[in-house]
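See structure below.
Only this structure's heavy atoms are used, side chains among them; waters, hydrogens and symmetry mates stay out.
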Amino acid sequence: MLHAFPYDNIYTGCLVLLVAFGFHWMGQALSVFDWEFAERLGLQEKDAPHEYRVYEHGIAVADVSIGWIHGVAGVGLLLGTSWGYKLAWFPGVVLLYHAISFWAWTANQRKAGHILNSTAVRFGWIAANLITGFMAIIVAWIAS
């Protein structure tokens, strides 16, 4: 099996478990089951208009229903299994999608006059998703 760089599976597996499974899936799961607690923790915006909350809740439900695969892929990468490299495609493309959609979603919110995230949080979350997504895709691509 080819590797992008030494221990690529360890670095990428840790990022996938931290960003995709830890922050994304677990944060969205908490939002689905206890929205108010997620707001208190800062995972969801307290001052969002009601129509934004309806959309955000729908996205949280969708993320929770499929995002568990991130954890399986991360563990597979840490173990260096062939199926872990194959599953790495999934968090890779999902995280790229999330980075692009979060950029567009927050840009549209700002145009509407609703600045719900600081610029630092916005760029930080986008960067975390982009870096982890690209690493997962590159590692999966080279290993396949």
[X] and [Y]: which non-hydrogen atoms are nearest, and at how many Å?
{"X": "Ala88", "Y": "Ala136", "answer": "O-CB, 3.5 Å"}
{"X": "Trp89", "Y": "Ile137", "answer": "CZ3-CG2, 3.8 Å"}
{"X": "Ala20", "Y": "Leu95", "answer": "CB-CD1, 3.9 Å"}

Practice problem: Would you please name every residue forming a salt bridge (charged side-chain N to carboxylate O under 4.0 Å, His left out) with Glu51, sequence neighbours left out? | Solution: none

Give a yes or no on whether [X] and [Y] share a hydrophobic cluster (residues Ile, Leu, Val, Met, Phe, Trp, Tyr; joining criterion: side-chain heavy atoms under 4.5 Å apart).
{"X": "Val139", "Y": "Phe21", "value": "no"}
{"X": "Trp68", "Y": "Leu17", "value": "yes"}
{"X": "Ile59", "Y": "Leu30", "value": "no"}
{"X": "Val75", "Y": "Val94", "value": "yes"}
{"X": "Trp25", "Y": "Ile131", "value": "yes"}

For the [atom1] atom of [X] and the [atom2] atom of [Y], what is their distance to the nearest 0.5 Å?
{"X": "Leu116", "Y": "Thr106", "atom1": "CG", "atom2": "OG1", "result": "9.5 Å"}
{"X": "Thr132", "Y": "His70", "atom1": "OG1", "atom2": "NE2", "result": "10.5 Å"}
{"X": "Asn129", "Y": "Phe102", "atom1": "CG", "atom2": "CZ", "result": "8.5 Å"}
{"X": "Ile10", "Y": "Leu78", "atom1": "CD1", "atom2": "CG", "result": "5.5 Å"}
{"X": "Met26", "Y": "Ser31", "atom1": "CE", "atom2": "OG", "result": "12.0 Å"}
{"X": "Leu130", "Y": "Leu96", "atom1": "CG", "atom2": "CG", "result": "6.0 Å"}

Just wondering, do [Y] and [X] contact through their side chains at under 4.5 Å, heavy atoms?
{"X": "Ser144", "Y": "Lys86", "result": "no"}
{"X": "Leu15", "Y": "Met135", "result": "yes"}
{"X": "Phe23", "Y": "Leu18", "result": "yes"}
{"X": "Phe37", "Y": "Gln44", "result": "no"}
{"X": "Phe90", "Y": "Ile66", "result": "yes"}
{"X": "Glu39", "Y": "Leu43", "result": "no"}

Quiz item: Stepwise, does the side chain to side chain contact (heavy atoms under 4.5 Å, CB included) test hold for Ile115 with Gln109?
Solution: CA-CA 6 Å; Ile115 300 175; Gln109 286 177 345; over 6 Å; no

Exercise. Give a yes or no on whether the ring-centroid distance for Trp103 and His98 is below 6.0 angstrom.
Key: no

Exercise. Taking the six-membered ring for Trp and the single ring otherwise, decide whether the centroids of Trp141 and Tyr85 are under 6.0 Å apart.
Key: no

Exercise. Determine, for Glu36 against Arg53, whether the closest basic-nitrogen to carboxylate-oxygen distance falls under 4.0 angstrom.
Key: yes

Practice problem: I would like to know whether Glu56 and Trp35 meet side chain to side chain contact (heavy atoms under 4.5 Å, CB included); could you show each step before the answer? | Solution: CA-CA 10 Å; Glu56 290 284 351; Trp35 192 270; 3.7 Å; yes

Under 3.5 Å, side chain of [X] to main-chain N/O of [Y], donor-acceptor pair present?
{"X": "Asp8", "Y": "Ala4", "result": "yes"}
{"X": "Thr81", "Y": "Gly76", "result": "yes"}
{"X": "Asn9", "Y": "Leu77", "result": "yes"}

Practice problem: For Tyr52, look at atom OH and say whether over 12 heavy atoms of other residues, nucleotides or ligands are found less than 6.0 Å away. | Solution: yes

Quiz item: Within a radius of less than 6.0 Å around CG of Asp47, do more than 12 heavy atoms belonging to other residues, nucleotides or ligands occur?
Solution: no

Quiz prompt | Check against side chain to side chain contact (heavy atoms under 4.5 Å, CB included), Arg110 and Trp105 | solution = CA-CA 9 Å; Arg110 288 168 182 246; Trp105 173 241; over 6 Å; no

Exercise. Tell me, with the steps shown, if Ser118 and Val121 meet side chain to side chain contact (heavy atoms under 4.5 Å, CB included).
Key: CA-CA 5 Å; Ser118 70; Val121 168; 3.2 Å; yes

